[in-house]
Number of protein chains: 2
Amino acid sequence: MTRITRGGLAEEVVAHVRDQILRGELRPGQKIDQEQIAEDLDVSRSPIREGLVVLGKEGLLEITPRRGAFVAEISRADVVDHYELFGLIAGRVAAMAATTFTDEQRAELQHIHVLFTEASDDEAARLNHEFHQLINGAAPRRTRWLIRHLERSIPAGFFERTPGWKSEAVADHQTIVDAIVDQDADAARQAMELHLHEAGVAASNALEASGFWEESE
Amino acid sequence: MTRITRGGLAEEVVAHVRDQILRGELRPGQKIDQEQIAEDLDVSRSPIREGLVVLGKEGLLEITPRRGAFVAEISRADVVDHYELFGLIAGRVAAMAATTFTDEQRAELQHIHVLFTEASDDEAARLNHEFHQLINGAAPRRTRWLIRHLERSIPAGFFERTPGWKSEAVADHQTIVDAIVDQDADAARQAMELHLHEAGVAASNALEASGFWEESE
DNA sequence: GGCTTGCATATTGTATACAAAATGACTGTG
DNA sequence: CACAGTCATTTTGTATACAATATGCAAGCC
């Protein structure tokens, strides 16, 4: 049994189950069958259980002692709320960036943004990530930690798959860049909050399209 | 081997290790010895590993694949930042409460606050919890989830052990109650942010006192 | 002397085995 | 026919066993 386990099998389990949930193959409320996953991935239950704990902490699963793990009942309101919170944090960070960024950082931000506007669709995803990464660098450590946590709960690479995301993102990013370059903290906050709000709508639509909220049979 | 484990041994492990960290028995950067915990609690490594995953997701441990789990290097800045974030969220929720609460809820809030001011020290902790619980009821589901997450990362019952916490809390709570009763969303937000900021300072001091940041020998 | 190399040991990660509890069907009873 | 109680089956939770990797130390080399 050769395997390329780069970070442990639990990670593989996390990715597998998360995908199944986000694809709509596992429906909200449905029970997670550990034995089934063991069969699918050819793995024992030890790493599976550790993976399920992770997904539980991310809010994708509801784990009840002695009963098992169930797909969390996530509503449209939950997704919107999630991104609203994300926006609240990210907005605060953008405001920090507006007041603390050096000239070099401002230039770098503009540079990334220009590349982003001109990039092909698959490069755009990477540059989008770099863009937000740079801004988030202005945040203190614990804030960055929380942002990572929020990113993983409703994974990235989600927004990037909705039609027309790029042109929308370019416009939003432009506003954000302008505000940070102007050192206008409040405008940066507002622009970032709006951007994340729109990302939330997009994510919500993407989940809708994947049949996430379809009635069962 | 009789045990009263009502929620699984992993929970016991989480509580045990968390306590050890917060008491300063385990220092930041120090390695977690699974075998040692197994001996301490008379438990096998299976529930231990699951517990460590939980603490990793809470940010109290740093888990490196194939290397093990280490106590996270949490600085004063991290603690302050943590409560600042907490305040950002809780402030938003307080603002919601100010605009959405019914007359009954406002009355209930005032009632709890009066009891709180008159309570003995050990009852105060419970009423403090009820107070915040009631306000957080105004938040949407995902926000409540995030709040629970933040509460667990730097566990509650922490602030409540710093000297003079009650009188400080009474004053803060009074301001919050007034703002919510006045339906002044912005005042409620500010008051709540200030309250959490002070809680952060208190928590930071408590950690200091427990020797959390002491230099090792 | 300082640095690599190789091996013994310790520790993590995974698999399997076993114990305890929940689930669900079946039976008998009102 | 509804329904409570019992028992077989399934599934979770925990313990143990084994495999793979990391760690630490000692010997050899520059």
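Chain identifiers are assigned alphabetically (A, B, ...) following the order of the sequence lines, protein sequences preceding nucleic acid strands; residue numbering begins at 1 within each chain.
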Open item on the list: Short of 4.0 Å, heavy atom to strand atom, which residues of residues 54-63 of chain A count as contacting DNA chain D?
Closed with: none

Atom pair distance, as rounded to whole Å: [atom1] in [X] and [atom2] in [N]:
X	N	atom1	atom2	value
B:R49	C:dT11	CZ	P	14 Å
B:E39	D:dA15	CD	P	14 Å
A:E11	C:dG13	CD	C1'	13 Å
A:Q34	D:dT14	CD	P	12 Å
B:E50	C:dT14	CD	C1'	13 Å
A:F70	D:dT12	CZ	C1'	11 Å
B:D42	D:dG13	CG	P	20 Å
B:L41	D:dG13	CG	P	18 Å

TODO: Could you pull out all residues at least two apart from A:F159 that satisfy ring pair (Phe, Tyr, Trp, His ring centres under 6.0 Å)?
DONE: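 Partners of A:F159 by the ring pair (Phe, Tyr, Trp, His ring centres under 6.0 Å) criterion, ordered by chain and then number, come out as A:W165.
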
Task: Test ring pair (Phe, Tyr, Trp, His ring centres under 6.0 Å) applied to A:H132 - qualifying residues, sequence neighbours left out - done: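 By the ring pair (Phe, Tyr, Trp, His ring centres under 6.0 Å) rule, A:H132 matches A:H173, A:H195.
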
TODO: Carefully, step by step, assess B:R76 and B:E208 under the rule salt bridge (charged side-chain N to carboxylate O under 4.0 Å, His left out).
DONE: CA-CA 9 Å; B:R76 288 179 191 77; B:E208 178 96 52; 3.1 Å; yes

Task: Test side chain to side chain contact (heavy atoms under 4.5 Å, CB included) applied to A:S44 - qualifying residues, sequence neighbours left out - done: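 Residues passing side chain to side chain contact (heavy atoms under 4.5 Å, CB included) with A:S44: A:S46, A:P47.
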
TODO: Any chance you could measure A:I32, atom CD1, to A:I48, atom CD1, to the nearest 0.5 Å?
DONE: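 Result: 10.5 Å between the selected atoms.
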
Task: Candidates C:dA17, D:dA15, C:dA15 - which lies nearest the side chain of A:R45 - done: C:dA17

Open item on the list: If you only use heavy atoms from C-beta on, which nucleotide in C:dA15, C:dT12, D:dA15 is closest to the side chain of B:L9?
Closed with: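 So the nucleotide nearest the side chain must be D:dA15.
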
Task: Test side-chain hydrogen bond (donor to acceptor under 3.5 Å, both in side chains) applied to A:T64 - qualifying residues, sequence neighbours left out - done: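 So A:T64 forms no side-chain hydrogen bond (donor to acceptor under 3.5 Å, both in side chains) with any residue.
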
Open item on the list: Using the side-chain hydrogen bond (donor to acceptor under 3.5 Å, both in side chains) criterion, which residues pair with B:E58? Sequence neighbours excluded.
Closed with: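 B:E58: side-chain hydrogen bond (donor to acceptor under 3.5 Å, both in side chains) contacts with B:R18.
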
TODO: Return the set of residues passing salt bridge (Lys or Arg N to Asp or Glu O under 4.0 Å) with B:R49 (not counting sequence neighbours), or none when no residue passes.
DONE: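 B:R49 satisfies salt bridge (Lys or Arg N to Asp or Glu O under 4.0 Å) with A:E50 only.
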
- [ ] Select base, sugar-phosphate, or nothing to describe what B:I32 touches, counting heavy atoms under 4.0 Å on all strands.
- [x]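 Contact class for B:I32: sugar-phosphate only.
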
Open item on the list: Whether B:S44 contacts D:dA15 is assessed here as follows: a side-chain N or O lying under 4.0 Å from the phosphate OP1 or OP2. Is that the case?
Closed with: yes

Could you run down the sub-3.5 Å N/O contacts of the protein with nucleotides 19-25 of chain C?
| unit_1 | atom_1 | unit_2 | atom_2 | d |
| --- | --- | --- | --- | --- |
| C:dT23 | OP1 | A:R67 | NE | 2.3 |
| C:dT23 | OP1 | A:R67 | NH2 | 2.9 |

For a quick test of your reading: what N or O donor-acceptor pairs under 3.5 Å do the side chains of residues 80-88 of chain A make, sequence neighbours left out?
| unit_1 | atom_1 | unit_2 | atom_2 | d |
| --- | --- | --- | --- | --- |
| A:D81 | OD1 | B:T143 | OG1 | 2.9 |
| A:D81 | OD2 | B:R142 | N | 3.3 |
| A:D81 | OD2 | B:T143 | N | 2.9 |
| A:D81 | OD2 | B:T143 | OG1 | 3.0 |
| A:H82 | ND1 | B:R142 | NE | 3.2 |
| A:H82 | ND1 | B:R142 | NH2 | 3.4 |
| A:H82 | NE2 | A:L150 | O | 3.1 |
| A:E84 | OE1 | A:H197 | ND1 | 3.4 |

